[in-house]
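All residue numbers refer to positions in the sequence shown, counting from 1. Note that this is a predicted model, so its numbers are computed, not measured. Basis for what follows: all heavy atoms, side chains included, without hydrogens, waters or symmetry-related copies.
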Amino acid sequence: MTDTRWTPRLWGALVVLCAAMFLDALDVSMVGVALPSIGADLHLSDSALQWVVSGYVLGYGGLLLLGGRAADLLGRRRVFLIALGVFAGASLLGGLVDSGPLLIGARFLKGISAAFTAPAGLSIITTTFAEGPARNRALSIYTTCSAAGFSLGLVISGLLTSAGWRLTFLMPVPIALIALFAGIKLLPRQHGEQRSSGGYDVAGAITGTAAVLLLVFTVTEAQGVGWLSLRTLGSLLLVAALAAAFLVIESRTAHPLVRLGIFRNAGVRRANLTALTLMGSYAGFQFVATLYLQRLLDWSALETALGLLPGGAIVAFSAGSVSRLLDRFGPERVLPVGVASMAVGYALFLRLDEHSSFLGLVLPSMLLIGAGFALGFPSINVAATNGVPDDEQGLASGLVNTALQVGGAIVLAVTTAVLTAGTGSGTDAHAQLAGYRPALLLVTGTTTLGLLIALTGALRSGRAKAAAAPAPVPDYQYRPLEQEALLEREVLSER
């Protein structure tokens with residue numbers, strides 16, 4: 001795409017893709033607020049209730065690589081539309097069931113559908129909009145819709161749950177159906193796609209998917225059974241074995257699920273590692289902040305949602321500005337600024353005490369975290385897909401989304417363990433703060449690690465640009481005719 005003007009059809013296609021990402025983010029945040037009501041109505045224990053959330057994460061994080069590769073092999077438009085239809089059906093099922101296991105199954109099915117819509121949608125954007133300003137702008141809008149969905153989901157869920165938790169499941173259904181029918185009309189047809197050639201890596205799909213699924217399952221369950229339990233250690237050992245088998249298969253098969261050569265792209269490597277730390281730290285922070293505000297400060301669910309809203313509002317209104325920053329400075333320079341802003345926001349939240357106020361504690365942190373999110377996540381998406389051929393855009397999109405989901409699951413599980421160990425059996429304010437502070441230190445440290453990774457990209461980018469700059473040339477080489485005229489005048493004057 002070389003024309004800077006977008007046609008109405010192109011805008012419509014982008015809106016459809018943004019709607020799917022909006023629904024994914026909306027679903028995560030809405031269900032979190034509705035959990036207490038779900039547990040009371042369906043008589044679920046805390047451990048069973050956890051799987052209403054974890055079931056979604058398991059399906060989403062575990063199948064993203066397969067979803068990304070399926071988009072490359074089967075066609076992005078086809079995979080996206082089928083998965084969006086499954087998402088609508090699973091949402092309807094979740095709103096109608098009267099059984100905990102069926103609800104968890106519906107959530108798992110929604111996670112699977114998101115594992116296919118997310119990489120397919122992102123790869124449609126990266127193959128429709130040319131690398132550079134057009135893609136930067138599209139990805140900024142795409143990320144904004146994700147943040148807006150998450151932020152609005154918190155508020156909407158607080159309102160809907162008061163009328164009935166089933167509404168939080170049923171509300172996405174009409175939006176998904178509208179997006180589905182619009183996508184059939186507006187998304188690029190099959191013949192317009194560049195599909196990856198080659199066969200199917202069945203062995204790689206089995207071992208890779210099993211490794212990620214088991215990893216997410218293990219870290220989710222570790223809090224309940226113990227991190228050093230035989231079950232957890234055995235599961236982690238099996239994850240390592242599956243991962244090793246996956247790497248061997250990918251290095252030897254003619255048509256791998258994940259072409260390992262993609263990691264030779266330094267930008268792709270850094271983007272995925274930074275995605276792990278950023279999403280992980282944000283998931284951990286939100287968990288700690290929500291517990292702190294509701295349990296210690298006695299905020300309601302709606303008050304908590306509104307308190308966290310300023311961060312999402314910054315992201316929602318920053319798409320145009322961030323895309324211009326990416327055009328001017330590139331993702332390598334914008335990303336460290338975003339990560340640093342988030343790290344400072346988390347560090348400021350360490351000042352929490354028994355009587356913290358919204359203006360004194362929550363608002364400054366959320367403004368910095370929101371600004372960091374607005375700068376960081378579009379940069380990650382741009383860096384993770386830049387320089388990748390069109391027939392591997394689904395793979396690149398699946399990789400970065402996998403990094404986001406797995407990072408969120410792992411860091412959240414570790415954060416929960418640190419918080420629980422610090423709090424112990426105490427329920428008073430002092431005991432709660434003893435758990436919140438080390439958990440926040442872990443979150444801040446994780447983000448700092450991401451900052452160091454991002455800074456290496458900025459430094460290498462600066463060196464590369466300096467090396468590519470033309471060497472200084474004496475002035476006379478730029479003006480040979482003027483130099484010759486000057487010499488001629490000197491000779492004439494001597495004569």
- Would you please test Asp24 and Tyr56 for side chain to side chain contact (heavy atoms under 4.5 Å, CB included) and show each step? CA-CA 10 Å; Asp24 287 345; Tyr56 182 87; 3.9 Å; yes
- Query: So, Ser140 and Ser323: side-chain donor and acceptor under 3.5 Å apart, yes or no?
  - Reply: no
- Does the side chain of Tyr346 reach to within under 4.5 Å of the side chain of Thr448, using non-hydrogen atoms? no
- Can you measure from CD1 (Ile249) to CG (Leu260) and round to the nearest 0.5 angstrom? 11.0 Å
- Query: Is the closest side-chain heavy-atom distance between Leu326 and Ser379 below 4.5 Å?
  - Reply: yes
- Message: Before you tell me yes or no, could you show the steps for Leu215 and Ile410 under side chain to side chain contact (heavy atoms under 4.5 Å, CB included), namely the whole-Å CA-CA distance, both residues' side-chain angles and the distance that decides it to 0.1 Å?
- Response: CA-CA 9 Å; Leu215 176 61; Ile410 292 175; 4.1 Å; yes
- Under 3.5 Å: donor-acceptor pair, side chain of Ser123, backbone of Ala120: yes
- Task: Please say which of Val79, Leu81, Leu74 ends up in a side-chain contact (heavy atoms from CB on, under 4.5 Å) with Arg77.
- Result: Leu81
- Message: To check you understand the geometry: which heavy-atom pair defines the closest contact between Ala403 and Ala275, and what is its length?
- Response: CB-CB, 4.0 Å
- Query: About how many Å separate CE of Met342 and OG1 of Thr444, when rounded to the nearest 0.5 Å?
  - Reply: 11.0 Å
- Query: Just how far is it from atom OG1 of Thr385 to atom CG of Leu139, taken to the nearest 0.5 Å?
  - Reply: 5.5 Å
- Item | Ring geometry between Phe129 and Trp6 (parallel below 30°, tilted from 30 to 60°, perpendicular above 60°) | tilted
- Item | side chain to side chain contact (heavy atoms under 4.5 Å, CB included) assessment of Val400 paired with Leu122 | CA-CA 10 Å; Val400 70; Leu122 181 56; 4.1 Å; yes
- Item | Student check: side-chain heavy atoms of Thr446 and Leu449 closer than 4.5 Å | no
- Verify, without hydrogens or angle tests, whether Ser365 (side chain) and Val362 (backbone) share a donor-acceptor contact under 3.5 angstrom. no
- Message: Between Arg270 and Leu335, does the side chain to side chain contact (heavy atoms under 4.5 Å, CB included) criterion hold? Intermediate values first, please.
- Response: CA-CA 10 Å; Arg270 284 192 297 269; Leu335 181 55; over 6 Å; no
- Here the side-chain hydrogen bond (donor to acceptor under 3.5 Å, both in side chains) pairs for residues 102-113, sequence neighbours left out, are Asp27-Arg107, Asp27-Lys110, Ser91-Lys110
- Note on the structure: dist Leu23:CG -> Met30:CE (nearest 0.5 Å) comes out at 8.5 Å
- Query: Can you find a heavy atom in the side chain of Arg135 that is under 4.5 Å from one in the side chain of Thr126?
  - Reply: yes
- Query: If every non-hydrogen atom of Ile125 is compared with every non-hydrogen atom of Ala138, which pair is closest and at what distance?
  - Reply: CG2-CB, 3.9 Å
- Grab the two heavy atoms, one from Ser235 and one from Thr218, that are nearest each other, plus how far apart they are. CB-OG1, 3.2 Å
- For the side chain of Thr253 and the backbone of Glu250, is there at least one donor-acceptor N/O pair under 3.5 Å apart? no
- Message: What's the separation between atom OG1 in Thr274 and atom CG in Leu404, rounded to the nearest 0.5 Å?
- Response: 10.5 Å
- Message: Looking at Ile124, is its backbone amide N or carbonyl O close enough to the side chain of Thr127 to form a donor-acceptor pair, meaning the two atoms are under 3.5 Å apart?
- Response: yes
Using a 3.5 Å cut-off and no angle test, enumerate the donor-acceptor pairs between side-chain atoms of residues 172-188 and protein atoms at least two apart in sequence or in another chain.
none

- Heavy-atom closest pair (Gly284 atom, Leu412 atom, distance to 0.1 Å) is CA-CD1, 4.3 Å
- Is there a side-chain contact between Thr447 and Tyr282 (heavy atoms, below 4.5 Å)? no
- Determine whether Arg324 and Ser321 make a side-chain contact, defined as any pair of heavy atoms from C-beta on separated by less than 4.5 Å. yes
- Item | Flag side-chain contact, heavy atom, 4.5 Å: Leu103 against Phe169 | yes
- Where Pro310 and Gly307 come nearest, the two heavy atoms and their spacing: CD-O, 3.2 Å
- Between Ala243 and Ala211, the two heavy atoms sitting closest are N-CB, 4.1 Å
- Query: Quick one: which of Val344, Leu451, Ile380, Leu452 gives a side-chain contact (heavy atoms from CB on, under 4.5 Å) with Val339?
  - Reply: Leu451
- Query: When rounded to the nearest 0.5 angstrom, what distance separates CG in Leu160 from CE in Met171?
  - Reply: 6.5 Å
- Message: Within the structure provided, determine whether Leu375 and Ser341 are in side-chain contact (heavy-atom separation under 4.5 Å).
- Response: no
